[in-house]
Amino acid sequence: MKNEIKSSKKQIVKRSWAEPYKMKMVELLTMTDRPHRLKAIKQAGYNTFLLRSEDVYIDLLTDSGTSAMSDQQWAGMMLGDESYAGSRNFFKLEKTIQKCYGYKYIIPTHQGRGAENILSKILIKKGDIIPGNMYFTTTRLHQELAGGTFVDVIVDEAHDPVSEFPFKGNVDMAKLQAIVKKYGAKRIPYVCIATNVNMAGGQPMSMDNLRKLRAFTKKLGIKVIHDMTRVAENAYFIQQREKGYDKKSIREIVFEICSYTDGATMSAKKDALVNIGGFLALNDWDAFEEARNLVVVYEGLHTYGGLAGRDMEAMSIGIEESLSDNHMRARVGQVEYLGRLMESYGIPIVKPIGGHGIFVDAKQFLPHIPQDQFPAQTLAAEVYLDSGVRTMERGIVSAGRKSNGENYFPKLELVRFTIPRRVYTQAHMDVIAESVYSVYQRREKIKGLKMVYEPKYLRFFQAKFEKLV
Ligand SMILES: *Cc1c(COP(=O)(O)O)cnc(C)c1O
């Protein structure tokens, strides 16, 4: 990187971002050699989810539950009120969510999918249609298990890895109108929108789009439910890219986003900087009452929902920290740094660079491997083999099968390099990009995979593969 500080009259002074924290404890990493990694990846059936973490050097499998907590959060853990009912930490969490996000009623859950399960059971009837801005694995599965059918209404740009459209998370209002016309508003209990759409490569929705969605659905009595797992990252992009928001804080933007929705599911393991936790938030009392009743069946009493008091305390503090402008600039800045490096090596990545990771386009990287030989799964295994960097597949394996048994063939066939929050340094980013480049240089020699074991649900977690010869 050029860091120009010239002493001539015309000074060009570059102002870099840097981490708004310092380290007071470190975790040592394991370094392995290639023969060790070859054995490990074979044993794992070429599925990076099945590797042991002690065989991994830099772990970019996910940004879920992998963040580093602050000293404040760790101190908060000591303030856990582990009473079965009515824990002090619950009331603090409730207040924090009401203040930061504006939702009225809150139920803690063990993580995001716990909230999705309860929400889907309450709001979805058999035969219902749930439009959404691209599917998410667990979200769609819970909708289907509740008898609903997910329909993708994200803008076409989201499926195009080279489109530089700034708001690839947007709902295509024409697509949504067509769905309403086809099925009728009565069969659509809610539109499910994700902020900073994970499966599109960490791409934001615009505030303008949210406002339009709100206006359109309100007329029809259709709710808007918010998968707010990465809402702060979405707010950062609105601040950077949308007219009228450059002077607003992340905190203000997040609050406004939530105000256009009727409720939310949250995996606090992402933006909210904790290792475990989530919640369901609702503005409607009747729906909340039902959810509060159902949570007892699946998670635990409604004042702990599968969490310890200390977990709720750490979540409250993490939510506040996630809304800091300095935190978010460094967070997304680090992702961008890795993306720019990869671009400088000619690696095909999804553009614009997203909020929580770099998504490498495996179809372009390995054009000689057909999609049913799992190019993204193959590439993830090759990167691990090269350097011990663990990534994951987001392509045909993740997409799974339709209810009629046919494979989904998603347009995007990606390898996700997800960056945990506050965990790795810029030097780690250099090592990662160099490794991908090294695989890129020998890409033509790389062969695909065949699936030899396929679990019924969410197959990407546990499927096994063998190398084609
Ligand atoms: C992770 C995630 C979920 C599910 O949350 P868990 O905490 O993993 O159960 C739901 N939606 C999105 C967009 C996610 O990234």
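Ligands are counted one by one from 1 in listed order, and the atoms in each one are counted from 1 as well.
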All side-chain contact (heavy atoms from CB on, under 4.5 Å) counterparts of Glu406, not counting sequence neighbours: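 Expected list: Lys402, Asn404.
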Arg422 vs Glu19, salt bridge (Lys or Arg N to Asp or Glu O under 4.0 Å): CA-CA, chis, key distance, verdict: CA-CA 8 Å; Arg422 310 193 289 204; Glu19 292 77 5; over 6 Å; no
Taking only distance into account, with no hydrogens and no angle test, what donor-acceptor pairs under 3.5 Å do side-chain atoms of residues 123-135 form with protein atoms, sequence neighbours excluded?
from, atom 1, to, atom 2, distance (Å)
Asp128, OD2, Lys125, N, 2.8
Asn133, OD1, Ala194, N, 2.8
Asn133, ND2, Gly169, O, 3.0
Asn133, ND2, Ala194, O, 2.9

Residues lining ligand 1 [heavy-atom distance under 4.0 Å, listed by chain and residue number]: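 Near ligand 1, by chain and number: Gln111, Gly112, Arg113, Glu116, Phe136, Thr138, Thr139, Asn198, Asp227, Thr229, Arg230, Ser267, Lys269, Lys270.
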Arg459 to Phe465, cation-pi by 6.0 Å centre distance and 45° axis angle: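 No.
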Residue pairs, two or more places apart or on separate chains, that pass salt bridge (Lys or Arg N to Asp or Glu O under 4.0 Å) and touch residues 147-163: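 Listed by first then second residue: Asp156-Lys175.
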Pairwise side-chain contact, Ile193 with Leu213, heavy-atom cut-off 4.5 Å (strictly under):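 Yes; the side chains approach each other to less than 4.5 Å.
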